[in-house]
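Worksheet for the structure shown next.
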Amino acid sequence: MYQIKEKKQLYKDIYGMWIKAEEVAKTVEPGQFVILMTKEEGERIPLTVADYNRGEGLIYIVFQVAGKTTDELSKFKEGDSLFSFIGPLGKKTEIKNYGTVVAVGGGTGIACIHPIARNLKEAGNKVITIIGARSKDLIIMEEELKKVSDELIVTTDDGSYGRKGFVTDVLKEKLDNDKTIKKVWTIGPPIMMKVTCALTSSYPVDTIVSLNTIMVDGTGMCGSCRVSIGGETKFVCTDGPEFDGQLVDWDEFMNRIKRYRSEETTSWDKYKHNKTCRCKGGNN
Amino acid sequence: MAEMIPMKDRMKQDQVPMREQPPAERVRNFKEVPLGYNKEEAIKEAQRCLQCKNPTCMVGCPAEINIPAFIRYIVEEDFEKAYLTILETDALPAVTGRVCPQEEQCQKECVLNKKGKPIAIGRLERFVADWARANNIHGEKDGDQKKGCAVAVVGSGPAGLTCAADLAKMGYNVTLFEALHKPGGVLVYGIPEFRLPKKIVEYEVNEIKKIGVKVVKDFVVGATSSVDFLKKEFDAIFLANGAGAPRFMNIPGENMNNVYSANEFLTRSNLMKAYLFPEYDTPLIIGKKAATIGAGNVAMDSARTALRLGAEKSYIVYRRSRNEVPARAEEVHHAEEEGVEFNFLTLPVKVLGDKEGNVIGMECLKMKLGEPDESGRRRPIPIEGSNFTLEVDMVIDAIGTMANPIIANSARGVEVNKWGYFKVDDKTRMTTCPGIFAGGDIVRGSATVISAVGDGKVAARSIDSYLSSGGSLRNNGC
């Protein structure tokens with residue numbers, strides 16, 4: 001079950017995996033996510049679907065090593081299987097012909113923006129894609145995105161590749177110069193999405209963000225993922241993960257995603273120690 | 001073999017108490033609180049049974065257990081027959097023996113109630129089930145799927161497991177779909193280890209698998225696949241996905257970091273085993289002072305779990321008074337023994353937090369009781385100006401659940417009522433779509449394990465008669 005068919009190292013700590021999950025691949029749509037567990041003792045982590053292949057029953061996920069579970073997952077090899085893999089969860093992206101749209105991706109969000117950009121393109125939109133990262137090595141999926149975009153602009157914070165600066169610098173230029181832009185999708189680190197929304201708020205465009213929160217079941221049962229959208233409590237797992245970015249209470253969202261930071265560090269440190277410790281038993 | 005004691009002497013015997021872990025000890029562990037009867041205790045208690053000609057206890061049992069018969073077998077020390085007698089109608093004896101509110105069901109109807117304490121039917125059931133598990137005694141392995149028809153059961157909680165087991169015994173080909181990575185529903189994510197050890201649930205689920213029920217985990221009906229799709233693959237469907245969605249107070253500050261729904265708090269601790277962190281990866285931050293809002297069984301479970309996870313103070317905050325507490329008396333008693341403090345006639349109005357979103361207190365109002373409301377209980381009325389701050393750093397909302405619409409949204413022709421629960425026929429549990437049945441909390445709202453078991457049984461019989469009379473979802477055009 002849930003066998004890893006292909007594993008790619010996209011950057012030193014960013015990985016892509018094609019996972020066999022036939023039931024999920026049958027019904028998945030852009031914008032949706034999955035929840036996986038590496039092992040029975042593991043935690044349930046949500047990951048946005050980065051691509052899918054219905055014919056072969058495969059789901060593509062992209063993740064950056066950021067804690068124990070993703071560290072462990074990065075050590076899985078092709079042929080290994082995951083303990084649990086459920087989906088597709090959440091609502092799909094509202095794909096239709098809007099005219100001109102912009103897809104903004106940062107970090108592993110670059111991968112998540114890919115199926116959305118592709119489907120928007122297929123629906124007849126003019127798709128401008130802007131992706132950004134700290135430096136050249138962190139830019140992933142450039143070729144794939146080029147294929148599904150009318151225009152692709154890459155930015156790096158340090159100028160080591162593409163344009164020096166942030167995705168928002170480019171987005172601002174586009175919004176100033178192209179009045180046909182109707183809608184912006186932005187997926188990436190919370191701060192990037194927040195800043196993007198701050199920028200687009202003064203333009204006549206809708207801004208859609210995809211929120212990645214802490215979840216447990218992912219089916220609306222626990223409320224771990226709740227966020228305030230326009231003053232109303234919503235669940236990212238069943239009401240999202242995409243929301244009107246202008247309505248998100250960003251401060252609350254960022255507080256909530258950090259709430260287990262110290263426990264996560266404890267857990268990861270212990271894991272790293274056990275991996276490297278040669279002492280007897282290896283678990284002290 | 002133990003002797004049947006003379007009728008007149010049976011009435012004189014006192015109910016045999018069940019040994020328990022002492023409060024001061026158990027509050028530091030997750031081991032079961034009641035320790036169960038041993039053989040001698042079970043026989044002694046069983047000997048009190050009057051073996052009524054018209055046993056009223058059975059009237060009060062949704063699992064339809066032949067209670068006098070299994071108790072008689074205990075007296076005869078034929079524990080295997082006692083077990084098989086229970087298993088004929090109840091596929092989850094070790095579970096129901098632990099979590100049923102017997103005092104409101106079988107034991108309430110026991111004639112001994114008139115003179116003294118009823119037979120401790122639940123404890124005896126538990127003894128028999130535990131004995132069978134320890135002695136490797138199993139039910140019959142029939143379920144050869146000779147009937148050919150395929151039935152989908154959605155949700156592997158008590159309603160789904162019971163319905164699946166009954167149908168498999170009748171010879172149907174049953175597939176049980178579970179959204180989580182482990183079957184058991186509320187039995188694994190909701191009820192804490194110290195009330196219902198998860199190994200026991202796992203064992204009874206495995207026994208049900210052995211009858212021939214196929215369990216498909218990681219399958220979210222309503223997401224992975226729709227009910228409409230299942231209609232093409234199965235002849236009948238039983239929807240038993242539970243009530244699911246947590247209810248919040250909708251007061252300011254409720255999205256602070258350490259405010260949990262009871263569902264989240266208990267799922268982290270029970271299903272994900274956060275109490276074993278970091279051996280298990282799922283964390284749970286426990287405050288020094290935890291407030292649980294609500295006073296039902298789930299609230300007691302939450303408040304007691306908080307203590308075991310290290311909270312120095314664990315408060316129940318309830319807007320009504322002690323008389324209106326909906327939890328079982330036994331649960332309230334256990335909670336109080338362990339040091340849970342009850343704040344009655346108290347209504348939270350605001351959760352107070354710091355800049356990082358951590359809870360630093362909860363503003364509450366004092367209440368008084370007015371005239372009875374539609375539930376028949378006296379309505380709590382806020383006392384103006386009585387605001388005070390309860391110093392807590394963690395809040396658990398245990399004020400009930402509501403219907404999770406995820407399945408209803410994917411099922412054309414299956415109607416729900418205004419609260420989102422499936423409308424079913426009282427007698428058959430059939431929904432408005434012929435061939436689709438429903439039971440448990442997604443029909444009743446938040447109810448008990450045993451009422452879900454009862455629904456599973458009724459639905460299994462109705463599905464049998466629906467299929468036996470030639471019905472099938474594959475050709476009803478619904």
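Geometrically, K270(A) does not engage W268(A) in a cation-pi contact defined by less than 6.0 Å to the ring centre and at most 45° from the axis. Taking the ring axis of Y52(A) as reference, the NZ or CZ atom of R118(A) stays within 45° of it and closer than 6.0 Å to the ring centre. Cation-pi geometry between K7(A) and Y60(A) is not satisfied (NZ or CZ under 6.0 Å from the ring centre, within 45° of the ring normal).
For chain B, no part of I35(A) is nearby; none of its heavy atoms comes within less than 4.5 Å. Contacts of V28(A) with chain B are absent, with no heavy-atom separation under 4.5 Å from either backbone or side chain. Of the two parts of F85(A), only the backbone, made up of N, CA, C and O, holds a non-hydrogen atom closer than 4.5 Å to a non-hydrogen atom of chain B. With a 4.5 Å cut-off on non-hydrogen atoms, Q32(A) does not touch chain B at all. When heavy atoms are compared at a cutoff of 4.5 Å, E279(B) approaches chain A by way of both its backbone and its side chain. Of the atoms belonging to S262(A), not a single heavy atom falls under 4.5 Å from chain B. At a 4.5 Å heavy-atom cutoff, the contact between S224(A) and chain B is made by backbone and side-chain atoms alike. For a residue to count as touching a neighbouring chain, one of its non-hydrogen atoms must lie under 4.5 Å from one of that chain's; by this rule T267(B) touches chain A with the side chain only. In this structure, no portion of K258(A) lies under 4.5 Å from any heavy atom of chain B. When heavy atoms are compared at a cutoff of 4.5 Å, N255(B) approaches chain A by way of both its backbone and its side chain.
Between Y260(A) and Y260(B), the ring planes are tilted. Angles from 30° to 60° get that label.
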